[in-house]
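Below is one structure, written out as structure tokens; comments come after it.
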There are 2 protein chains.
Amino acid sequence: MPTPAPAKDPADTSLRKQVYDSLREALTAGRFAPGQKVTFRYVAGALGVSLTPVREALRRLVAEGAFEMHPNRSVRVPLMTRDKVLELRDMRMALEGLAAGKAALLATRDQIAGIRRAAREIIAARSRGDSITDRQKVREFHFALYAAAGQPMLLRVIEGLWLQTGPYMNLLYPDFIASPRGPAGRLKIIEALQARDAASARREIENDIRRALSYVADLADEAGNIAPARPSAVKRRRSAPAGATAFELQAH
Amino acid sequence: MPTPAPAKDPADTSLRKQVYDSLREALTAGRFAPGQKVTFRYVAGALGVSLTPVREALRRLVAEGAFEMHPNRSVRVPLMTRDKVLELRDMRMALEGLAAGKAALLATRDQIAGIRRAAREIIAARSRGDSITDRQKVREFHFALYAAAGQPMLLRVIEGLWLQTGPYMNLLYPDFIASPRGPAGRLKIIEALQARDAASARREIENDIRRALSYVADLADEAGNIAPARPSAVKRRRSAPAGATAFELQAH
DNA sequence: GCGGGCGGTCTGTGATCACAAATCGGGCCG
DNA sequence: CGGCCCGATTTGTGATCACAGACCGCCCGC
């Protein structure tokens with residue numbers, strides 16, 4: 001599958017949904033620089049639609065915390081601080097730990113197989129130094145695990161939290177990834193699923209999230225701000241279709 | 001510093017925000033019957049605004065799970081099932097337990113005083129049989145507690161979960177409320193705050209949520225559906241200002 | 001040379017219009 | 001008498017327009 005996608009309503013062809021997905025994908029792929037201003041008309045032009053669907057998509061993303069709208073009314077990619085990362089870390093540990101525990105009790109053989117496959121693909125991508133595929137497969141691994149918990153509302157909230165941490169997960173590369181604990185942790189999770197050991201699955205997921213987000217939090221400067229993963233600007237493509245690649249990076 | 005984070009925006013006077021607040025308030029007050037259909041034009045007419053702000057407000061509420069939009073496109077108040085209640089219960093236990101634990105470590109003397117006052121007001125309202133004030137003060141107690149944790153993102157997610165359980169909390173009255181455990185649990189929480197005992201505060205909040213939502217879940221029929229708290233219809237007030245009382249109950 | 005106003009432009013907000021899909025009701029056919 | 005089909009109405013979607021407030025840069029006065 002090209003995009004694991006947030007499940008939900010695969011048959012939603014509304015422009016609003018397409019704009020939402022485009023922005024979301026650009027955000028998780030790190031194509032927006034943290035702090036970057038994003039105007040309604042810019043997005044509308046880049047995607048070739050009117051303001052209406054853009055407003056609804058952007059406004060939803062603001063409600064989800066993926067963008068910020070300042071009182072002076074300008075929409076920006078949120079800047080991260082140490083405190084915010086730690087807050088997100090604790091929330092993710094609580095909810096993803098919960099999901100992992102439920103998944104351990106419910107995962108079918110096929111679901112476990114899919115999770116194991118994602119884990120193998122992470123190792124393969126990492127050995128090639130392919131951080132793009134790496135990140136994508138890490139996401140696949142986690143969401144295949146959480147989907148096995150069979151709790152759709154929980155899954156939605158977790159997706160919202162990933163969206164907020166997304167633009168900053170590039171910071172884990174390449175240094176943090178070199179740690180050997182990652183693959184070992186995933187192996188333990190798979191073992192826990194097979195053993196129906198909810199406590200162990202929860203503990204391993206919690207450890208994984210704690211390590212990764214504590215690492216990101218420690219990148220904060222003395223003012224508490226975290227440097228953007230990639231200080232990049234975005235170039236406007238003129239008259240593009242409402243596809244997924246309308247937001248492009250621009251060296252400067 | 002004036003506003004370190006974008007915080008809330010109490011000075012948001014946009015119509016969208018007013019519509020959003022009106023719908024949210026009507027929802028938590030149980031003025032919409034679960035399963036009830038809500039059309040954009042109906043809300044626009046009831047509040048005396050055009051479709052534009054209504055669309056954005058309703059769409060956000062759909063994204064938050066407070067309303068459902070079916071593929072055939074009709075917006076409804078979600079019907080609850082036993083599984084959904086249990087899912088919400090577990091999420092709320094995880095997140096509100098987390099917040100209570102943090103609050104125990106951070107609550108100031110003034111914040112604890114505010115929480116204690118809310119607890120007293122609950123007892124007072126309950127002794128009068130005033131379930132409206134009761135529910136309102138219960139909400140105040142919980143959110144004063146969670147606010148003391150100083151984690152704005154966490155608070156927002158918790159608010160989203162309350163919005164989903166809101167229309168069904170009337171089911172706790174009057175039978176469940178008669179249980180003497182409620183006041184005792186709140187007292188223990190306040191003691192935990194004073195003692196800076198995070199584990200105890202978390203445990204008590206978890207117990208409170210577990211008891212209440214397990215009770216609601218047990219109201220499910222053999223099909224798994226939960227009867228609406230009050231099977232009530234809503235009457236349209238013609239040419240009303242965009243106030244908070246535009247949605248009114250109608251006996252039938 | 002520099003700071004503060006001042007005008008033009010940018011940008012989000014809300015209303016309105018046009019349209020297509022969905023829904024509902026009545027009437028026709030079996 | 002009942003089920004099905006077709007047309008009128010309802011309803012969400014997207015585009016466009018008008019407008020007010022914010023932003024930005026230029027220019028004048030000190």
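In what follows, every chain begins at residue 1, and chains take the letters A, B, ... in the order their sequences are listed.
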Least distance between heavy atoms, [X] atom then [Y] atom:
X	Y	answer
Y168(A)	P78(A)	OH-O, 3.0 Å
A57(A)	V19(A)	CB-CG1, 3.6 Å
R89(A)	S214(A)	NH1-OG, 2.9 Å

- Go through the structure and list residues passing side-chain contact (heavy atoms from CB on, under 4.5 Å) with A217(B), not counting sequence neighbours. R82(B), V85(B), L86(B)
- Residues that Q164(A) engages under side-chain contact (heavy atoms from CB on, under 4.5 Å), provided they are two or more places apart: L88(A), L161(A), M153(B)
Using atom names, set out every protein N or O paired with an N or O of nucleotides 16-19 of chain D below 3.5 Å, distance rounded to 0.1 Å.
none

Roughly, in whole Å, what's the span from [atom1] in [X] to [atom2] in [N]?
X	N	atom1	atom2	value
R16(A)	dA15(D)	CZ	C1'	14 Å
F67(B)	dG12(D)	CZ	C1'	16 Å
F40(B)	dT11(D)	CZ	C1'	9 Å
E56(A)	dG14(C)	CD	C1'	13 Å
M69(B)	dA22(C)	CE	C1'	12 Å
L47(B)	dA15(C)	CG	P	11 Å
L15(A)	dA15(D)	CG	C1'	10 Å
R59(A)	dG12(C)	CZ	P	9 Å

- Task: Show your reasoning for whether salt bridge (charged side-chain N to carboxylate O under 4.0 Å, His left out) applies to K102(A) and E96(A).
- Result: CA-CA 10 Å; K102(A) 285 270 161 52; E96(A) 296 176 41; over 6 Å; no
- Return the set of residues passing salt bridge (Lys or Arg N to Asp or Glu O under 4.0 Å) with R16(A) (not counting sequence neighbours), or none when no residue passes. E56(A)
- Answer yes or no on whether R60(B) is positioned over the face of Y20(B), meaning its NZ or CZ is under 6.0 Å from the six-membered ring centre and within 45° of the axis. yes
- Message: The side chain of T39(B) is closest to which nucleotide in this list: dT13(C), dT11(D), dT13(D)?
- Response: dT11(D)
Set out, line by line, the N/O atom pairs under 3.5 Å between protein and nucleotides 23-25 of chain C.
unit_1, atom_1, unit_2, atom_2, d
dT23(C), OP1, N72(B), ND2, 2.7

- Task: Determine to 10° how strongly the helix from dG1(C)-dC30(D) to dG30(C)-dC1(D) is bent, judged from the axes of its five-pair ends.
- Result: 10°
- Message: Please check: side-chain N/O of R135(B) versus main-chain N/O of T28(B), any donor-acceptor pairing under 3.5 Å?
- Response: yes
- Message: Is any side-chain heavy atom of E68(A) closer than 4.5 Å to one of V62(A)?
- Response: no
- Indicate whether the side chain of E140(B) and that of H142(B) have a donor and an acceptor atom separated by less than 3.5 Å. no
